[in-house]
Amino acid sequence: DQYLVENPFNTYFVKVKGKAMEQAGIYDGDVLVVDRSIAPKVGQTVLAEVNGEYMVRYLAEEGLLAANSSYPTLLFANIEQLAIIGVVTGSMRKFK
């Protein structure tokens with residue numbers, strides 16, 4: 001816990017579903033460490049709620065970018081509801 005979690009009261013673990021961030025080394029089934037106490041900055045990987053759906057993306061000036069180019073860029077101008085939940089600070093993967 002101490003290695004991955006700096007702010008225990010503001011840190012969440014989220015299981016990944018999907019392939020949008022595979023090129024960033026984040027795979028379906030991984031568990032991400034998300035810290036709500038860190039102010040998100042452009043270029044960071046964030047957990048966001050977009051129009052009621054949770055997703056992990058890179059934060060960019062113009063929107064949210066997937067690492068997998070087959071996923072569309074989500075432009076802020078086209079998003080009705082957006083909440084940046086936190087910054088992804090680590091990940092865990094179970095080997096079978």
Side-chain angles (χ1 to χ4, degrees):
D1 281 351
Q2 295 173 0
Y3 179 71
L4 292 173
V5 178
E6 290 185 29
N7 302 299
F9 295 107
N10 291 298
T11 300
Y12 299 87
F13 296 101
V14 178
K15 190 170 185 176
V16 174
K17 183 177 179 184
K19 299 180 179 188
M21 297 299 286
E22 279 188 348
Q23 282 72 8
I26 299 172
Y27 297 95
D28 187 58
D30 285 357
V31 175
L32 300 181
V33 182
V34 179
D35 191 331
R36 291 181 58 113
S37 69
I38 298 172
K41 296 177 186 170
V42 169
Q44 290 180 315
T45 303
V46 297
L47 173 66
E49 183 181 2
V50 178
N51 299 330
E53 182 180 343
Y54 290 96
M55 57 186 63
V56 176
R57 298 289 191 274
Y58 292 125
L59 181 61
E61 291 285 342
E62 68 277 6
L64 299 171
L65 308 172
N68 183 335
S69 61
S70 66
Y71 286 76
T73 297
L74 302 171
L75 300 174
F76 291 136
N78 298 333
I79 297 173
E80 292 180 25
Q81 295 177 321
L82 171 68
I84 304 297
I85 305 301
V87 174
V88 176
T89 59
S91 68
M92 297 174 277
R93 181 174 305 130
K94 184 177 180 179
F95 296 105
K96 295 182 180 184

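Worth saying up front: this structure is predicted, and the values here are computed from it rather than measured. These values consider heavy atoms only, across backbone and side chains, with no hydrogens, waters or symmetry-generated copies.
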Checklist entry - Any chain of hydrophobic side-chain contacts (each under 4.5 Å) joining Tyr3 to Phe13? => result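 Per the 4.5 Å side-chain linkage, Tyr3 and Phe13 are co-clustered.
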Only pairs under 3.5 Å count here: list side-chain donor-acceptor contacts from residues 45-66, not counting sequence neighbours, and write none if there are none.
residue: Asn51; atom: OD1; partner: Glu80; partner atom: N; Å: 3.1
residue: Asn51; atom: OD1; partner: Gln81; partner atom: N; Å: 2.8

Please table the atom pairs, donor to acceptor, closer than 3.5 Å between any side-chain atom in residues 14-36 and protein atoms at least two apart or in another chain.
residue: Asp28; atom: OD1; partner: Gly18; partner atom: N; Å: 2.7
residue: Asp30; atom: OD1; partner: Arg93; partner atom: NE; Å: 2.8
residue: Asp30; atom: OD2; partner: Tyr27; partner atom: N; Å: 2.8
residue: Asp30; atom: OD2; partner: Arg93; partner atom: NH2; Å: 2.9
residue: Asp35; atom: OD1; partner: Ser37; partner atom: N; Å: 2.7
residue: Asp35; atom: OD1; partner: Ser37; partner atom: OG; Å: 2.6
residue: Asp35; atom: OD2; partner: Asn7; partner atom: ND2; Å: 2.7

Next on the checklist: Taking side chain to side chain donor-acceptor pair (under 3.5 Å) as the definition, give me every residue that meets it alongside Ser69, ordered by chain and number, with sequence neighbours left out.
Outcome noted: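 If we apply the side chain to side chain donor-acceptor pair (under 3.5 Å) test to Ser69, skipping adjacent residues, there are no hits.
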Checklist entry - Given side chains that start at C-beta, do those of Met92 and Leu4 come closer than 4.5 Å, heavy atoms only? => result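 Answer yes - side chains close enough.
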